[in-house]
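Okay, structure first, notes after.
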Amino acid sequence: MYALVDGNNFYVSCERVFRPSLNNRPVIVLSNNDGCAIARSNEAKALGIKMGAPWFKIRHLEDEAGLVALSANFTLYGDMSDRMMSLAAGLGPTQEIYSIDESFIGMDGVRGDLTDRARRIRARILTWTGIPCGIGIGQTKTLAKLANFVAKTAERKPGSYPDALAQVCNLATLPAEDLAAVLAATEVGEVWGVGRRIAAQLQEGGVRTVQDLARLDPATVRSRWSVVLERTVRELRGLPCIEFEDAPAPKKEIACTRSFGRPVTDLAPLIEAVSEFAGRAAEKLRAQGSVASQLLVFAHTSPYRPGPKYHRSVVVPLRRPTADTALLVHAAVAGMHQIYQPGFQLIKAGIMLLDLAPDSRVQGELDLDGGEDATAERGKLMRVMDGLNGRYGKGTVHVASSGLDDYRREWGMRQERRTPHYTTNISDIPVARA
DNA sequence: TCTGGGGTCCTAGGACCC
DNA sequence: TCTGGGGTCCTAGGACCC
């Protein structure tokens, strides 16, 4: 048995904890560069704002409907997530943190009324962190996801499902005919693993509801679509096919990419940008105890804007697997030199670390120069760098090629409406006035 | 008249997730 | 003026092997 705990409109809810005046108003959180909406309050959804809607197209709602838009404050969301996750963990013996706002809880071995227990945990998370959650319970992860959708929808749209399923929904204890009614009332596209493409194909074949999908023959689904969708069908029937991942597996690739605040055409700012990206990615790489064998660099023009198009990337092999910032930055810069062409309005660049392996498996190297053990020294340097950045904040120590001034850099991102780091920066802590 | 069978590895692209 | 970032898995097809 699994539960899925999911923060409602998570980023917006995080912002509301510290600015209660945002309650009951249409609020959205924007992506990096204030580009598009990536979180929406219920009121904003009711205005018809879609996930990913470009800000410049919905901006008029500020004046027309009192819409409030905030720049993403990922530092805040990450910290609030940690708090929510540690409380959600109390629901059962195992937890899989699936995303910044969702975790699956393994409920096997938990005695007593699970629905009741989930309600108490939900209340605790709300009281202690201020974040409202939905909790879904089911026999498989896919059913828990579905139950979670029902819990949130029943709350947001009264009448869509029985009121008793709002906030906390346990599909496993539902009488068969009630379960059938829920499955029949839910569109197939809401199922975890069924995206736009497959939903359209299913609907074309007359498979419109979750109930229709669950009734398909798994073998047919496999041959017509894929083994992935077959697993989904089996999961909907209560047969677990998707592993529960207790401990996060190490990443197989690590990326750091950004859109620029404005188009960039010169090589120098591009070098700065990919230097910083490589440095950040190297930190993530060391944090998971891995080394990379290849580094990919890319840059491209806007897919939306007219003008000459440019889209290039190159994979730079590393002489040996490494997690050394200097070597990775060097590779990134070399790659950028290779792909750079003047005359294009580039709006995005990035790097990816590929071919990752545990650092314990790195082969030693014979030092032909007979000098000191340079590899060990570099390792110490990296640990010191990570230590300083961990203690004094990101970017305290970085390579010089990534530039000096975070604000005047040509490629820096736009972020005009970010709230303070309420929970992670001592000078941003809210002050209560008498 | 008329070109085997079986396997692995790699890559690009598609689809999905949040 | 203006459209995010970071992942995973699967499949098909090509190259290559014996």
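Convention: sequence-line order gives letters A, B, ...; per-chain numbering from 1.
Applying the side-chain contact (heavy atoms from CB on, under 4.5 Å) criterion to Tyr2(A), with sequence neighbours excluded, gives Lys141(A), Ala144(A), Phe244(A). Among residues two or more places apart in sequence or in another chain, the side-chain hydrogen bond (donor to acceptor under 3.5 Å, both in side chains) test is passed with Glu62(A) by Arg417(A). Taking the ring pair (Phe, Tyr, Trp, His ring centres under 6.0 Å) definition, one finds that Trp225(A) meets it with nothing, sequence neighbours left out. The ring pair (Phe, Tyr, Trp, His ring centres under 6.0 Å) test applied to Phe74(A) returns Tyr11(A), Tyr77(A), not counting sequence neighbours.
Within the 4.0 angstrom heavy-atom criterion, only backbone atoms of the sugar-phosphate kind lie near Glu102(A); the bases stay farther away. Among the atoms of the strands shown, only primed sugar atoms or phosphate atoms (P, OP1, OP2) are found under 4.0 Å from some heavy atom of Arg258(A). Within 4.0 Å of Asn32(A), counting heavy atoms only, lie sugar-phosphate atoms of the nucleic acid but no base atom. Counting non-hydrogen atoms under 4.0 angstrom, Lys50(A) reaches nothing in the nucleic acid.
A pairwise comparison of heavy atoms in Val399(A) and Thr325(A) identifies CG1-CG2, 3.6 Å as the closest pair. Taking each heavy atom of Leu114(A) and Ile137(A) in turn, the nearest pair found is O-CD1, 3.9 Å.
Within the structure, ring-ring contact (aromatic ring centres under 6.0 Å, His included) contacts touching residues 317-346 of chain A (residues at least two apart or in different chains) are Tyr310(A)-Phe344(A). Here ring-ring contact (aromatic ring centres under 6.0 Å, His included) pairs that include residues 188-220 of chain A, with residues two or more places apart or in two chains, are Tyr98(A)-Trp192(A), Phe104(A)-Trp192(A). Pairs engaging residues 71-87 of chain A under the salt bridge (charged side-chain N to carboxylate O under 4.0 Å, His left out) rule: Asp79(A)-Arg83(A) [sequence neighbours left out]. Under the salt bridge (charged side-chain N to carboxylate O under 4.0 Å, His left out) criterion, the residue pairs touching residues 30-54 of chain A are Arg16(A)-Glu43(A), with sequence neighbours excluded.
With respect to Lys145(A) and Glu102(A), a salt bridge is recorded, a charged nitrogen being found less than 4.0 Å from a carboxylate O. Note on Arg280(A) versus Glu276(A): salt bridge recorded, some NZ/NE/NH1/NH2 to OD/OE distance being below 4.0 Å. A salt bridge links Arg234(A) with Glu230(A): the closest approach of a Lys/Arg side-chain nitrogen to an acidic carboxylate oxygen falls below 4.0 angstrom.
Along DNA chain C, the nucleotide nearest Ile254(A) and the nucleotide nearest Asp34(A) are compared for position; the residue whose nucleotide lies closer to the 5' end is Asp34(A). When each of Lys57(A) and Pro250(A) is assigned the nucleotide of DNA chain C with its nearest heavy atom, Lys57(A) is the one assigned upstream, toward the 5' end.
Scanning DNA chain C 5' to 3' for nucleotides with an atom closer than 4.0 angstrom to a non-hydrogen atom of chain A gives a first and last hit of dC2(C) to dT11(C).
The stretch residues 146-157 of chain A does not touch DNA chain B, since none of its heavy atoms comes less than 4.0 Å from the strand. Within a heavy-atom distance below 4.0 Å of DNA chain B, the residues of residues 187-223 of chain A found are Val191(A), Trp192(A), Gly193(A), Val194(A), Gly195(A), Arg196(A), Arg197(A), Ile198(A).
In secondary-structure terms, DNA chain B builds stems of at least 3 consecutive Watson-Crick or G-U pairs, each pair having both distances under 3.5 Å, at B:5-18 with C:5-18.
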